[in-house]
K.L.:
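Supplied in structure tokens, the structure appears directly below.
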Amino acid sequence: MIGLSSYAGVMESLMNSAEEQQPSSPLANSWSKIQESSKNQKPKCVGGFVLVHAGAGYHSESKAKEYKHVCKRACQRAVDRLKAGALAVEAVAAALVELEDSPFTNAGMGSNLNLSGEIECDASIMDGKSLHYGAVGAISGIKNPVLVANRLLSEAQKGKLSAGRIPPCFLVGRGAHDWAVSHGIPPCPSEKMASKFSLSAYKRNKRKMELAEKIDTGHNHTKKRRQSSENENGSGCLDTVGAVVIDLEGNVAAAVSSGGLAMKHPGRVGQAAHYGCGCWAENACSMNSHSTAVSTSGCGEHLIRTMLARECSAAMQSEDAHQALLEAMQNKFISSPFLAGEDRVLGGVIVLRCCRCVEPPPSQNIQGILVEFLWSHTTESMCVGYMSAQDSKAKTHISRLPPGTVPGQCLAIEGEKSSLCKP
């Protein structure tokens with residue numbers, strides 16, 4: 001039987017000066033309650049919200065400070081753009097650039113090296129307002145792949161090319177690199193893309209592979225499997241960074257970027273570039289009462305075969321967001337028939353959903369937006385950060401599975417709820 005651990009997080013109201021907080025429980029499956037403020041109290045105006053992740057995998061305690069710090073910087077970068085009046089899609093791209101530039105993340109600079117000792121990156125971005133999407137796969141020599149994905153998105157919004165040609169939304173390999181350069185995105189020498197961490201990990205993994213290839217006996221096959229398992233739980237397992245954003249107007253956007261699995265085959269494209277797998281963003285419309293934005297992380301092949309980003313987005317139209325995400329992760333991922341042959345299903349998501357406040361605001365000049373944000377993972381840990389435009393600094397958290405549980409067979413889920421408002 002698959003174990004299931006549900007963490008209920010804290011809900012806080014950014015409209016209130018008072019706050020009520022209930023302790024979380026590993027088996028809790030309901031939200032804590034928001035303390036209502038006085039109707040005479042004027043809410044503070046908020047210019048948007050950002051939630052980021054630095055990968056679902058294993059985050060060592062020794063590097064916890066670095067993981068949290070890069071999440072804080074990414075949140076601040078996005079909030080700075082929101083305060084300047086940027087739309088959600090611009091802010092989410094800004095957050096991803098910060099995450100890609102960190103040597104501690106597996107995206108952009110310092111990404112995992114493939115079998116040939118080269119870096120090939122994947123990235124995608126989706127605008128919930130226009131529903132346009134841009135992506136690159138297995139791209140080399142570009143410092144910030146998300147900028148190429150974002151440029152593809154913006155170019156597609158301009159309409160058809162000459163002679164009625166349809167503009168591309170997804171480019172790979174050399175073609176993606178050349179298109180990026182031709183559109184003003186500077187190349188970066190491959191030798192500068194690798195960090196000392198990714199180079200040392202490549203040398204270590206290469207030695208392990210060479211040793212494993214020499215193993216013949218049954219005893220050594222057991223040892224090989226054990227070594228493989230240990231490597232999967234190491235820092236090299238960290239995969240994919242991402243962010244979801246809502247702006248002042250209530251538009252949502254999502255983005256994701258990854259260097260892919262360590263020692264992957266050249267040309268391999270992971271979920272970070274695939275439509276509906278790496279990220280999803282969709283504004284509320286006549287068919288959907290909630291705006292939703294999702295970014296995923298984990299084993300790309302598992303996330304591709306389940307289209308987890310789009311599945312989680314669709315689930316967020318249910319009344320109870322926490323329960324909906326719990327069921328989506330359990331039924332559409334861990335127990336998915338598309339992954340029936342997998343011993344461990346590894347992945348994580350961050351989710352944001354929002355809707356207009358049902359109850360009338362205290363002032364007719366204030367328009368309220370209720371934002372719920374959650375994260376869930378089946379990996380050993382997942383690092384997240386979040387911040388509203390009125391916060392002085394971002395909050396960060398490394399979520400971990402309960403002791404004694406098996407990664408890939410159980411999940412953790414946490415989240416919070418905030419009220420945003422605009423004049």
Side-chain angles (χ1 to χ4, degrees), residues 49-56 78 88-89 91-93 95-96 99 122-129 131-135 146 149 153 239-247 250-258 270-285 288-300 302-318 321-334 336 347-355 371-379 382 384-386 399 411 413-416:
F49 183 88
V50 57
L51 170 65
V52 307
H53 73 80
V89 69
V92 83
L96 262 290
L99 292 167
D122 309 322
S124 64
I125 188 169
M126 188 167 180
D127 177 19
K129 182 179 180 179
L131 300 182
H132 276 272
Y133 148 92
V146 72
L153 183 153
D239 180 57
T240 317
V241 299
V244 289
V245 169
I246 177 174
D247 62 27
N251 301 307
V252 293
V256 60
S257 182
S258 177
Q271 105 286 352
H274 282 80
Y275 187 71
C277 305
C279 68
W280 191 265
E282 192 171 356
N283 278 12
C285 60
N288 297 325
S289 58
H290 295 89
S291 297
T292 58
V294 180
S295 182
T296 69
S297 176
C299 177
H302 295 171
L303 297 164
I304 291 170
R305 289 158 64 186
T306 54
M307 295 191 71
L308 189 61
R310 191 169 183 178
E311 289 284 5
C312 288
S313 175
M316 286 299 101
Q317 297 303 324
S318 300
H322 181 270
Q323 183 64 26
L325 182 58
L326 187 72
E327 293 176 358
M329 288 293 290
Q330 177 67 56
N331 301 328
K332 301 295 185 178
F333 193 56
I334 294 179
S336 171
V349 297
I350 55 172
V351 178
L352 180 153
R353 83 166 186 178
C354 62
C355 65
V371 177
E372 295 173 84
F373 55 101
L374 307 93
W375 53 89
S376 180
H377 58 96
T378 65
T379 54
M382 187 172 190
V384 299
Y386 53 94
S399 174
L411 65 89
I413 179 169
E414 302 182 62
E416 299 191 11

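Bear in mind that the values here come from a model prediction, so they are computed numbers and not experimental data.
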K.L.:
Compare all side-chain heavy atoms of His290 with those of Cys354 and state whether any distance is below 4.5 angstrom.
P.N.:
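They are not in contact (no side-chain heavy atoms under 4.5 Å apart), so the answer is no.
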
K.L.:
Of the non-hydrogen atoms in Ala93 and Val146, which two are nearest, and what is the gap between them?
P.N.:
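Nearest pair, atom of Ala93 first, then Val146: O-CG1, 4.1 Å.
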
K.L.:
Please report the C-alpha distance between Leu325 and Cys312 in whole Å, then the side-chain angles of each, then the deciding distance to 0.1 Å, and finally whether the side-chain contact (heavy atoms from CB on, under 4.5 Å) criterion is met.
P.N.:
CA-CA 6 Å; Leu325 182 58; Cys312 288; 3.9 Å; yes

K.L.:
Between the main-chain N or O of Gly348 and the side-chain N or O of Ser376, is there a donor-acceptor pair closer than 3.5 Å?
P.N.:
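No, the answer is negative, given that no donor and acceptor are paired below the 3.5 Å cut-off.
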
K.L.:
So do Glu416 and Val371 actually touch side chain to side chain, heavy atoms under 4.5 Å?
P.N.:
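In short, these two side chains do not touch, never coming nearer than 4.5 Å.
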
K.L.:
Please report the shortest heavy-atom distance between Ala328 and Ala315, naming the atom on each side.
P.N.:
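Heavy-atom minimum between the residues: CB-CB, 3.9 Å.
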
K.L.:
Tell me whether Arg353 contacts the main-chain N or O of Met316 through its side chain, where contact means a donor paired with an acceptor under 3.5 Å.
P.N.:
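Yes, the answer is positive, given that a donor and an acceptor are paired below the 3.5 Å cut-off.
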
K.L.:
Could you walk me through whether Trp280 and Tyr133 pass the ring pair (Phe, Tyr, Trp, His ring centres under 6.0 Å) test, one step at a time?
P.N.:
CA-CA 9 Å; Trp280 191 265; Tyr133 148 92; 8.5 Å; no

K.L.:
To the closest 0.5 Å, what do you measure between SG (Cys299) and CZ (Arg305)?
P.N.:
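Going from the SG atom of Cys299 to the CZ atom of Arg305 covers 8.5 Å.
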
K.L.:
Out of Ile125, Val256, Val241, which residue meets the side-chain contact (heavy atoms from CB on, under 4.5 Å) rule with Leu96?
P.N.:
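Exactly one option meets the side-chain contact (heavy atoms from CB on, under 4.5 Å) with Leu96, and it is Val241.
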
K.L.:
Mind checking whether Val92 and Val244 have side chains closer than 4.5 Å, heavy atoms only?
P.N.:
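Val92 does not reach Val244 side chain to side chain.
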
K.L.:
Would the distance check show the side chain of Asp247 and the main-chain N or O of Asn251 forming a donor-acceptor pair, the cut-off being under 3.5 Å?
P.N.:
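Flag set: sc Asp247 to bb Asn251 pair under 3.5 Å.
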
K.L.:
Any idea which heavy atoms bring Ala95 and Ala243 closest together, and the distance?
P.N.:
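It is CB-CB, 4.1 Å.
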
K.L.:
Between Val349 and His377, is any pair of side-chain heavy atoms under 4.5 Å apart?
P.N.:
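They are not in contact (no side-chain heavy atoms under 4.5 Å apart), so the answer is no.
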
K.L.:
Would you say the side-chain atoms of His274 and Ser124 include a donor-acceptor pair closer than 3.5 Å?
P.N.:
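Distance-only check fails for His274 and Ser124.
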
K.L.:
Taking the side chain from Ser297 and the backbone from Ala56, do they hold a donor-acceptor pair closer than 3.5 Å?
P.N.:
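Confirmed, Ser297 side chain pairs with Ala56 backbone.
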
K.L.:
Using only heavy-atom distances, determine whether the side chains of Glu282 and Thr292 contain a donor-acceptor pair under 3.5 Å.
P.N.:
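Their side chains do not contain a donor-acceptor pair, so the 3.5 Å distance test is not met.
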
K.L.:
Give, for atom SG of Cys277 and atom CG of Leu303, the distance between the pair rounded to the nearest 0.5 Å.
P.N.:
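Atom-to-atom, Cys277:SG and Leu303:CG are 7.5 Å apart.
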
K.L.:
Measure from the side-chain N and O atoms of Asn288 to the backbone N and O of Gln317, and report whether any donor-acceptor pair falls under 3.5 Å.
P.N.:
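Side chain of Asn288 to backbone of Gln317, a donor-acceptor pair under 3.5 Å: no, none is there.
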
K.L.:
Enter the distance from Gln271:CD to Asp122:CG here, rounded to the nearest 0.5 Å.
P.N.:
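CG of Asp122 is found 8.0 Å from CD of Gln271.
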
K.L.:
Are the side chains of Leu352 and Phe49 in touch, meaning some heavy atoms are under 4.5 Å apart?
P.N.:
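In contact.
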
K.L.:
Mark yes or no for whether Asp127, through its side chain, and Val89, through its backbone, hold a donor-acceptor pair below 3.5 Å.
P.N.:
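Flag not set: sc Asp127 to bb Val89 has no pair under 3.5 Å.
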
K.L.:
So, do Asn283 and Val252 sit near enough that their side-chain heavy atoms are less than 4.5 Å apart?
P.N.:
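Sidechains of Val252 and Asn283: in contact.
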
K.L.:
Where do Ala78 and Ala91 come nearest, in terms of heavy atoms and distance?
P.N.:
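Minimum heavy-atom separation between Ala78 and Ala91: CB-O, 3.5 Å.
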
K.L.:
Is any side-chain heavy atom of Thr378 closer than 4.5 Å to a side-chain heavy atom of Phe333?
P.N.:
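The answer is yes; the side chains approach within 4.5 Å.
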
K.L.:
Distance check, rounded to the nearest 0.5 Å: Thr306 atom OG1 versus Glu311 atom CD?
P.N.:
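Spacing of OG1 (Thr306) from CD (Glu311) equals 7.5 Å.
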
K.L.:
Just how far is it from atom CE of Met329 to atom CG of Leu374, taken to the nearest 0.5 Å?
P.N.:
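Answer rounded to 0.5 Å: 11.5 Å.
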
K.L.:
Quick one: pull up CG in Asn331 and CG in Leu326 and give me the separation to the nearest 0.5 Å.
P.N.:
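If I round to the nearest 0.5 Å, the distance is 8.5 Å.
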
K.L.:
Do you know which two heavy atoms are closest between Ser399 and Trp375, and how far apart they sit?
P.N.:
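Nearest pair, atom of Ser399 first, then Trp375: CB-NE1, 3.7 Å.
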
K.L.:
Flag the pair His132 / Met126 as yes when at least one side-chain heavy-atom distance between them is below 4.5 Å, and no otherwise.
P.N.:
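No, too far: nothing below the 4.5 Å cut-off.
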
K.L.:
Which heavy atom in Ala135 sits nearest to a heavy atom in Ala273, and how many Å separate them?
P.N.:
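Shortest heavy-atom contact: CB-O, 3.3 Å.
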
